[in-house]
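Sequence lines set the chain letters: A, B, ... in the order given, protein chains first and strands last, and positions in each chain run from 1. Only heavy atoms go into these numbers, but all of them, side chains included; no hydrogens, no water, no symmetry mates. Please read all numbers here as calculations on a predicted model, not as lab measurements.
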Amino acid sequence: MRILGKGQIDRNRPVSFRFDGKSYQGYQGDTVASALLANDVRLMGRSFKYHRPRGVLTAGSEEPNALLEVVGATNQTPNVRATMQEIFDGLNTQSQNRFPSLSFDFMGVNDLLSQFLSAGFYYKTFMWPRAFWEKLYEPVIRRAAGLGRLSGKHDEGHYEKAYAFCDLLVIGSGPAGLAAALTAARAGADVILAEEDRELGGRLLADEPDLDGAPARDWVSSTEAELRSLPNVRVMTRTTVTGAYDNGTFGALERVGLHTPARADLPRECFWRIAAKRAVLAAGALERPIAFPMNDRPGIMLAGAVRSYLNRWGVTAGKRVTIFANNDGARQTARQLMAAGVEVAAILDSRTDATAIEDCPVYLGARVTDTSGRLGLRSISGAHVGGNFQIETDCLAMSGGWNPTVNLTCHLNGRPRWNVDIAAFVPSEGVVPGLSVAGSANGDFTTHACLAAGQAAAIEALAEIGVTAAAVPLPRAEGVPYAIQPLWLVEGKGRAWLDFANDVTSKDVKLSAQEGFTSVEHMKRYTTQGMAPDQGKSSNVAALAVLADATGRGIPETGTTTYRPPFTPVSIAAMGAGGRAMGFAPQRFTTSDQASRDRHAPMIEAGLWYRPSYFPKPGEKTWRESCDREVNMVRSAVGVSDVSTLGKIDIQGKDAARFLDLVYTNTFSNLPIGRVRYGLMLREDGLVLDDGTTARLDENHFLMTTTTAAAGLVMRHLDFIHQTHCADWDLRLISVTESWAQFAVAGPKARALLNAVLDAPLGDFPFMACGETQVGGVKGRLFRISFSGEEGYEVAVPSRYGESLFRDLVAKAEAMGGGPYGMEALNVLRIEKGFITHAEIHGRTTAFDIGMEKMVSPKKDCIGKAMAARPGMVGEEREQLVGLRLAQETKAFGGAHLFTQGAEVERETSQGYVTSVCWSPMFGATLAMGFLKNGRARHGEKIRIVDHLRDLDLLAEVCDPVFHDPKGEKLRA
Amino acid sequence: MRLTCPLCGPRDRREFYYYGHEDYLQRPGPDAGPEAWDDHLHLRDNIAGEVRDLWYHETGCAQWLVVTRNTVTHEILSTELVADRKKKGVRA
Ligand SMILES: [Zn+2]
């Protein structure tokens, strides 16, 4: 029911939304919970295990009961807390964990069977037979005991993640947080103020104390206005700080677009990583329930929540409210309700020494002993020194005291300590470096103390990072001490719930202790207390108090379970923002990319790069037709291919040659200027790291090329060798991969094509020569190297000229019967020639395996040399590189295993495996490369190829891996 | 986790590539023998407490760092450039 004149909702802006198919009206500023209460809807959910009817317990993110599904156009979000979901026109929500409807739920039968469903029930009942578990027990249990459901469709919603940085992160914007933020802001520090609610103010909004003799909201508004006006302050509302991590990093979830109809310009949520030099935790405290018999009916709520609904949303949760508490705080609820004209039936105060003077009946030393009302509270039974009594009431506001929100202080393994005065855990000091705690999160429960502590924490934190902050004037506020007498459990006949979210009662906790699960961590797992989406925020302390009592230990000795991030549930979609489909994955395009796509070349990924697979001609129906044509074109005329993706590392300095001698197995210091040499690089453990060519451009200037796949790896490796072993050498390295566009020109007409393109005709330019050249007035580089076995060149120009050079080369090549070729043809050409790639140097092969042991110079040390010579790295037992030849066309069989004819086909008898396969149009045969035990001695042998994946069993001839032009006459032509 | 690169300042750990213990800096001689090489490449202590290990500022300045940190408290005690050690050593 709405109370006139109360609350901060905008009554000029009505909003209609749906709950379980029915339309309701609320106002701008309402949550689903406040709007439903205003419409006298108390029943909002069914409990996890017993399917008990449940209403809202709290007014915040700790809500255990009122969990809903929010149904969107494309998605369905389960377990949304009704207390956090703001309403907007068109919002569609439904209750969960019930069938067929919320008021009549078949599974309510579980409640009648509750004596069989206590803690440990699953462990004891569904043990045998084992096969039944997966097929029968688990599906049935999951259907019966569960929370919301997903839609089963992809979540197409838009999520983001972001980073933020600040001098001071203030977590929470109650009196302590606002005082801290204001103090730091006026000192000029970079401040982030993170508030979980949509509004700043914390309990100042919910409790409405006076500040400077005026409503607290006035001070909150003026402070917020000042903070928002300052360029050094970022105010983040709807942002929950979910975790404290190492070195001042905090995780936070911002609900950016969940409070409005879906908008293209707003992500649903954003996951923040906030790097803060210092942080003040001012997250307040959470009220805890009291476990008394049948304490879970809709209408039984926390007293502080009843106050919140009254003051923030102008809603009374009942027409005739009863209070049950063990502390002074709940008296405010009674007084404020009465001031607003709501009837308060009685106050049941468990203390005997509290005041009995209120404007309503007060029972001292009182308990609630039972309740009634199937779908909502109708009456309570009570007891006190004067006897038993019954009260007709539709709302019971209870308070078992307050727990400081210590969670973040425990995320790095800190343990809170017990404070007897407030009967609650408070944070231990210094458990999260750089984080201090202020206000009720630290156990200070008066507004005055919170304001002062927030200010002091900010001044101290800023002083540690060299910022001097002055005390700012703070408003006058009440400072009445908080008095509490612990009361955890009222014994009685009915069940008394501790953990509403997971349906754990005091009986379950006692059973746990009785069965020997006396450690708090064991009790948690045995009963599942604290393991629901709310992580036991309103039940942990009471549950361990009941455990402490059952085991005869004190609460401090019993201790708490571990608080882990996140503080509130974080959707995977938010943490994984940018990870769906291409997401934030970088894409690298060569300068010829558009020209290749213009020719309808399918692009394939090579690391982050995109390279053309083949260039289809009209009439070609399969990739093989195009590939075969391109191979023949290179062998008979000329082909052009973009090879810019190969890593290029520029190496300069007087010690550059000496450095290359160290990182390559072979010698580079004797390479003449203007020449290129093939080099082999090992890892320090003796296995092959990479191969490629390095050109000597000048005495102290080299250009190294790496494979596309290993470009980053080699750069890191070279940086490591340089910085660890020879940082004192005269040497500089830099990657220039993206600075140059480089094209391979290969085939018998390669020289003719170059002469048509270069500014001056090629003179004497032998195999493995390099030098400067000029193309259309642009200075470039020319290398005579070949990855195809044909006469080959690579011409490089600065990247900005790459596209025009490629188009020019291709056009002129086509006039000569040539054209572009793609990755498929490139692969065939190199297999025909026996050139290796990372299919062969895959991290388990040695120089010996690939037949290059002679390239490891005996005259000098190099990286990997010592380990390359260790036992087991050379010898007959090694699988050695061989060629394989089959007459017939067949499916590709890379990864197939090799077996000696007549031998058993078993894992143990495998003689090796296949790494690369192609159909060779030149040889009219299937050619392959692979590794075979003692393979170099087995040329000519027929070997069996077995591929269980593709169901192939073939016979091939073992041969030398170089099929085409073994003497290299074409290369040198 | 954040590391302070001596050249770039405090940065998120996602910018760094982790390698291993600073033992990798002590490369045995070519004739040190298989046991010394095995030790160098493969054998590491699993320290609960202060460790010194190598990180590469891969998406930053491409410098290798020696990071002193505590594996129990996660405190970062110092960061220094690997290259500086070598240079200082030679000058001294
Ligand atoms: Zn750096």
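The shortest distance between side-chain heavy atoms of A/Thr409 and A/Pro416 does not fall below 4.5 Å.
Of the two parts of B/Tyr24, the backbone and the side chain both hold a non-hydrogen atom closer than 4.5 Å to a non-hydrogen atom of chain A.
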Worked verdict on A/Phe720 versus B/Tyr19 for ring pair (Phe, Tyr, Trp, His ring centres under 6.0 Å): CA-CA 10 Å; A/Phe720 183 78; B/Tyr19 193 43; 5.1 Å; yes

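For residues 859-868 of chain A, a heavy-atom distance under 4.5 Å to chain B picks out A/Asp861, A/Cys862, A/Ile863, A/Gly864, A/Ala866, A/Met867, given by residue number. Of all residues in residues 25-36 of chain B, those placing a non-hydrogen atom less than 4.5 angstrom from a non-hydrogen atom of chain A are B/Leu25, B/Arg27, B/Pro30.
Remark: side-chain polar atoms of A/Lys654 are not paired, donor with acceptor, to backbone N or O of A/Asp730 under 3.5 angstrom. No donor-acceptor pair under 3.5 Å is formed between the side chain of A/Asn407 and the backbone N or O of A/Tyr563. The closest donor-acceptor contact from the side chain of B/Asn70 to the backbone of B/Glu75 lies at 3.5 Å or more, if one exists at all.
A salt bridge does not link A/Arg878 with A/Glu853: every distance from a Lys NZ or Arg NE/NH1/NH2 to an Asp or Glu carboxylate oxygen is 4.0 Å or more. Between A/Arg732 and A/Asp650, none of the side-chain N atoms (NZ, or NE/NH1/NH2) sits under 4.0 Å from a carboxylate O, so this pair counts as no salt bridge.
By the side chain to side chain contact (heavy atoms under 4.5 Å, CB included) test, B/Leu3 is found to be paired with B/Met1, B/Phe16, B/Trp55, B/Val67, B/Ile76, residues two or more places apart in sequence or in another chain being considered. Shown here are the side chain to side chain contact (heavy atoms under 4.5 Å, CB included) partners of A/Ser428, two or more places apart in sequence or in another chain: A/Arg417, A/Val431.
By number of non-hydrogen pairs under 4.5 angstrom with chain A, the leading residue of B/Arg13, B/His40, B/Arg14 is B/Arg14.
Rounded to the nearest 0.5 Å, atoms CG (A/Leu281) and CZ (A/Phe250) are 8.0 Å apart.
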